[in-house]
K.L.:
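I am attaching a structure below and will ask some questions about it afterwards.
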Amino acid sequence: MTAQIIGTYIVSLSLMIGSGFVLVGAIGLLKFNDPMTRLHAPTKVGTIGIGMLLVASIIHSFDIGKPSTHELLIMVFLFVTAPISANFIGKVNIHGRACDPPPAPPKDDNWSTLGVPESEHDT
């Protein structure tokens, strides 16, 4: 087997794995009931799936002899922005009372941003 054939098999395997992860993320988005579990499926599973699809694209570009690393920039952007946006969407759901609030920590009055400072209670 030549390197190009092996590269084609690796690209095919990466595409199948990535497509499987994206499919699981899409099914999770449709099947879960509350916003917080819906948020979990596409952000975690989808990021891995898109990453595998981009890895397949990188390998294919090297396989055909025209190396491209633009996909690395897309991966960096995706891996940086997906957790941040998921965090903001989760906080909006918590503050909007769209889901059950997290349990109170054992020895802390102000957990995350849910605790209201004493100065705001007086007004």
K.L.:
Do any side-chain atoms of residues 80-88 form donor-acceptor pairs under 3.5 angstrom with protein atoms, and if so which ones, sequence neighbours left out?
P.N.:
from	atom 1	to	atom 2	distance (Å)
T81	OG1	F77	O	2.7
S85	OG	T81	O	3.1
S85	OG	A82	O	3.1

K.L.:
Give, for atom CD1 of I48 and atom CZ of F79, the distance between the pair rounded to the nearest 0.5 Å.
P.N.:
7.5 Å
K.L.:
Of all residues at least two apart in sequence or in a different chain, which pass the side chain to side chain contact (heavy atoms under 4.5 Å, CB included) check with V24?
P.N.:
V45
K.L.:
Is it true that a side-chain atom of S61 and a backbone atom of I58 form a donor plus acceptor pair closer than 3.5 Å?
P.N.:
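Yes, the answer is positive, given that a donor and an acceptor are paired below the 3.5 Å cut-off.
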K.L.:
Using every non-hydrogen atom in the two residues, find where A3 and D63 come nearest and quote the distance to one decimal.
P.N.:
O-OD1, 3.9 Å
K.L.:
Per the side-chain hydrogen bond (donor to acceptor under 3.5 Å, both in side chains) rule, what does the pair list look like for residues 20-35, sequence neighbours excluded?
P.N.:
D34-T37
K.L.:
Linking I/L/V/M/F/W/Y whenever any side-chain heavy atoms sit under 4.5 Å apart, do V55 and F62 land together?
P.N.:
yes
K.L.:
I'd like to check the side chain to side chain contact (heavy atoms under 4.5 Å, CB included) partners of Y9; sequence neighbours left out, ordered by chain and number.
P.N.:
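For Y9, the residues satisfying side chain to side chain contact (heavy atoms under 4.5 Å, CB included) (neighbours in sequence not counted) are M1, I5.
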K.L.:
Could you pull out all residues at least two apart from L78 that satisfy side chain to side chain contact (heavy atoms under 4.5 Å, CB included)?
P.N.:
T47, I50
K.L.:
According to a 4.5 Å side-chain heavy-atom criterion applied to Ile, Leu, Val, Met, Phe, Trp and Tyr, with indirect links allowed, do L72 and L53 form part of one hydrophobic cluster?
P.N.:
yes
K.L.:
Rounded to the nearest 0.5 Å, what separation is found between the OG atom of S12 and the CD1 atom of I17?
P.N.:
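S12 OG to I17 CD1: 11.0 Å, rounded to 0.5 Å.
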K.L.:
Quickly, which of I10, T2, T8 forms a side-chain contact (heavy atoms from CB on, under 4.5 Å) with I6? Name it, please.
P.N.:
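Output: one option passes, namely I10.
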K.L.:
Say you draw a straight line from CE of M75 to CG of L54; how long is it, rounded to the nearest 0.5 Å?
P.N.:
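Nearest 0.5 Å value for the CE-CG distance: 6.0 Å.
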K.L.:
Applying a strict under-4.5 Å side-chain criterion to I, L, V, M, F, W and Y, I'd like to know whether M16 and I59 cluster together.
P.N.:
no
K.L.:
Mind checking what makes side-chain hydrogen bond (donor to acceptor under 3.5 Å, both in side chains) contact with S68, not counting sequence neighbours?
P.N.:
H70, E71
